[in-house]
2 protein chains.
Amino acid sequence: MARRSDHSREELRDLILGAAEQLIVDHGLGGLSARAIARRVGYTPGTIYLVFTNLDDVILHVNARTLDRLRVPMAAAVAESGSSAEQLRRVARAYAAFAQAQPNLWRACFEHRLPDTVAGPDYIDTRIAGLVALIMDPLAEATGATGAALDTAAQALWSGVHGICMLTLTGKLHMVGGQAVAHLTDDLVSHYLAGVRAEAAPTGGAA
Amino acid sequence: MARRSDHSREELRDLILGAAEQLIVDHGLGGLSARAIARRVGYTPGTIYLVFTNLDDVILHVNARTLDRLRVPMAAAVAESGSSAEQLRRVARAYAAFAQAQPNLWRACFEHRLPDTVAGPDYIDTRIAGLVALIMDPLAEATGATGAALDTAAQALWSGVHGICMLTLTGKLHMVGGQAVAHLTDDLVSHYLAGVRAEAAPTGGAA
DNA sequence: GGGCGGAAATGAACGCCGTTCAATAGCGCG
DNA sequence: CGCGCTATTGAACGGCGTTCATTTCCGCCC
C-alpha cells in the first residue's frame, strides 16, 4: 500500500467529491459516510482527511458544485426574452425544476447543518447571493421597487418559491388538492408581483 | 436493578418524550440519541425500545406535540377580530414567531427525514392538515377564491411563509439587507392577497 | 546502482451511535 | 416464604467520524 501519487491531490479531490455526490444522489445526505466514500474511490477513510478537513467540508464542496449547476438554468431563464414578470416566473420554474430533478443534491444544500459553533464558508454564501442577484433586475422592473422595498420583495419572493419546493419535495404540504410545483410557483410569483404593482398605483381607478 | 414499575408505561412514555424534547431544544435534532435520553430519564437505552419502536418514533411523537403547541397561537390569530387579510397576516406572524421562539423544535418537524421506504404516520399528516385548514376560511374571504383556486392559494401562501421562516432561521437568505421575519411575512401575505384580488376584479377601472 | 529522506497512505484505535436480546433482578401472589 | 413472571438491564453487533503512529513507496543524491 501507500501508493504515492496514483492520483494527484487534485485528482483525488475530484474523485472524492464525485463519489460523495453520487452517494448523496443515490441515498440522500444520510447515505453519505467517510467509509462509503473511501470504498467508492478505493482508498481508506483516513485518506479523505488528507484532502478535506472533515465530512462537513466535503459536503460543503459538493453543495458549492450543486449551486453552480443550479445557476445555469436560472441564468438562462433571465437571459431569455419576455416581460420581466415572465422572466421571474421562468426563474422560479427553473429553480423548482432543478429541485425536482436533483432532489437529494438540492436538499443537501439546504438541509445540511453544521455545528452551531462554526459559520458557513464564504464560497457558499457568495454562490447563494449570486443566485438571488439574478432576480434583482427583473424584479426591480416588474415592481418598480427600489432600495429596501426591493430587498424585501426579493427575499419574500425567493423564500416563497423555496418554500414551495421544499414542502412539495418533502411531502409536508398536506392538502386535499396537491398542485404541481410549477403551477404553485407561477401562482405565487404572478400574484405577488400584481400585488406590489397594485400598491404602487394605489386605489381603485385607472392610471 | 430491574425495578418494577417505578413508573407506569404511560409515565415512562412522557418521561422519554420530555427528555427527548429538551435535548432537541438544547442541541437540535443532532443532539438527540437514545443513550442521551436514557441518561436523562435514568434508564438504559434498551428501555426506550419497550415504549417506542425506534428513535424515529420518539421524534415523530415529539413533533406531534410541537405541532399541537404551534396550533394554539395560530388558532388565536384567526379567532381575533379584524379583516380576513389582517387575520392571515396575524396567522403568518404567529407561525413565524413560534419558529423563532422554538427554532429547534420547529425545525425538527420539518427537517426530520425518515427512511425513504417508510411513510410518515397519519397523526402528523392530520395535524399539519389541521393547521393549513385554519387559514382556509379567511383566505376564501380575502380572495374570493373557491375550489381548486383556493387550494392553490392556500398552498402557495402557506409554503411561502414557511420558506421565509426556514431560510431566515437557517441563515441561508443571503442578502445585503436582512429583513425582520414579520416584515417579510406581512409583505408576502399582503401583496399576494392584493394580487389575487386584483386579478379577480380585472383590468384598470373602478368596479 | 544503491541507499536514504520524506511524503503518501494505511489501518488500528477511540468513543460515539441505533438496535437487539439473553440474562437478571425485583415484585406480587399463593 | 418461595415461586413465577415480567420489567429492566447491559453486553453485544455493526457502523459511524476522526486521529495518528506506522508502513510503504517514490525520487533524489551520491
Side-chain angles (χ1 to χ4, degrees), chain A residues 1-17 19-24 26-63 108 111-118, chain B residues 1-17 19-24 26-63 108 111-118:
Chain A
M1 300 96 198
R3 300 150 300 181
R4 177 85 99 60
S5 68
D6 263 16
H7 303 285
S8 75
R9 196 104 299 188
E10 209 57 32
E11 286 171 334
L12 194 46
R13 202 191 102 102
D14 290 350
L15 235 43
I16 291 171
L17 286 181
E21 182 179 301
Q22 198 55 54
L23 283 165
I24 293 175
D26 290 345
H27 311 292
L29 254 188
L32 191 72
S33 79
R35 285 170 164 88
I37 295 173
R39 247 171 278 143
R40 258 182 178 271
V41 298
Y43 281 81
T44 56
T47 303
I48 294 168
Y49 292 83
L50 301 175
V51 186
F52 295 95
T53 68
N54 53 35
L55 256 205
D56 282 339
D57 191 25
V58 176
I59 295 170
L60 287 167
H61 279 91
V62 171
N63 287 349
E111 291 182 353
H112 173 242
R113 205 180 165 178
L114 46 153
D116 292 334
T117 55
V118 314
Chain B
M1 298 102 195
R3 300 149 300 179
R4 176 87 98 60
S5 67
D6 264 15
H7 302 285
S8 74
R9 196 102 304 185
E10 209 58 29
E11 287 171 333
L12 195 46
R13 202 191 102 102
D14 289 350
L15 237 42
I16 291 170
L17 286 182
E21 181 178 302
Q22 199 54 55
L23 284 165
I24 294 176
D26 290 345
H27 311 292
L29 256 188
L32 191 72
S33 79
R35 286 171 164 89
I37 295 172
R39 247 171 278 141
R40 257 182 179 271
V41 298
Y43 281 81
T44 56
T47 304
I48 294 169
Y49 293 83
L50 301 174
V51 187
F52 295 95
T53 69
N54 54 35
L55 257 205
D56 282 339
D57 191 23
V58 176
I59 295 170
L60 287 168
H61 280 92
V62 171
N63 287 349
E111 290 182 354
H112 174 241
R113 206 180 164 177
L114 45 151
D116 292 335
T117 56
V118 316

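No experiment lies behind these values; they were computed from the predicted model shown. In what follows, chains are A, B, ... by sequence order, proteins preceding strands, each numbered from 1.
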Side chains of residues 49-57 of chain A: which donor-acceptor partners sit under 3.5 Å, not counting sequence neighbours?
{"from": "A:Asn54", "atom 1": "OD1", "to": "A:Asp56", "atom 2": "N", "distance (Å)": "3.2"}
{"from": "A:Asn54", "atom 1": "OD1", "to": "A:Asp57", "atom 2": "N", "distance (Å)": "2.9"}
{"from": "A:Asp56", "atom 1": "OD1", "to": "A:His112", "atom 2": "NE2", "distance (Å)": "2.8"}
{"from": "A:Asp57", "atom 1": "OD1", "to": "A:His61", "atom 2": "ND1", "distance (Å)": "3.2"}
{"from": "A:Asp57", "atom 1": "OD2", "to": "A:Thr53", "atom 2": "N", "distance (Å)": "3.0"}

Taking atom [atom2] of [N] as reference, at what distance in whole Å does atom [atom1] of [X] sit?
X: A:Leu50; N: D:dT19; atom1: CG; atom2: P; value: 11 Å
X: A:His7; N: D:dC25; atom1: NE2; atom2: C1'; value: 16 Å
X: A:Tyr43; N: C:dG11; atom1: OH; atom2: P; value: 13 Å
X: B:His27; N: C:dC17; atom1: NE2; atom2: C1'; value: 16 Å
X: B:Phe52; N: C:dT20; atom1: CZ; atom2: C1'; value: 18 Å
X: A:Asp57; N: D:dG17; atom1: CG; atom2: C1'; value: 14 Å
X: B:Leu55; N: C:dT19; atom1: CG; atom2: P; value: 5 Å

All salt bridge (Lys or Arg N to Asp or Glu O under 4.0 Å) counterparts of A:Asp116, not counting sequence neighbours:
A:Arg113
Scan A:Ser33 against the nucleic acid and name what it touches under 4.0 Å (heavy atoms): base, sugar-phosphate only, or nothing.
sugar-phosphate
Mind checking if B:Ile48 touches a base, just sugar-phosphate, or nothing, with heavy atoms under 4.0 Å?
nothing
Under-4.0 Å side-chain N/O to phosphate OP1/OP2 contact, A:Arg9 with C:dA9
yes
If you check every side-chain atom of A:Tyr49, which of D:dG17, D:dG10, C:dA9 has the closest atom?
D:dG17
Compare the minimum distances between each of D:dT8, C:dG18, C:dC17 and the side chain of B:Arg39, then state the nucleotide with the smallest one.
C:dC17
Base D:dG15 to side chain A:Arg35, donor-acceptor N/O within 3.5 Å cut-off
no
Say you draw a straight line from CG of B:Leu23 to CZ of B:Arg40; how long is it, rounded to the nearest 0.5 Å?
5.0 Å
Could you work out how much the helix from C:dG1-D:dC30 to C:dG30-D:dC1 bends, comparing the axis of its first five pairs with that of its last five, to 10°?
30°
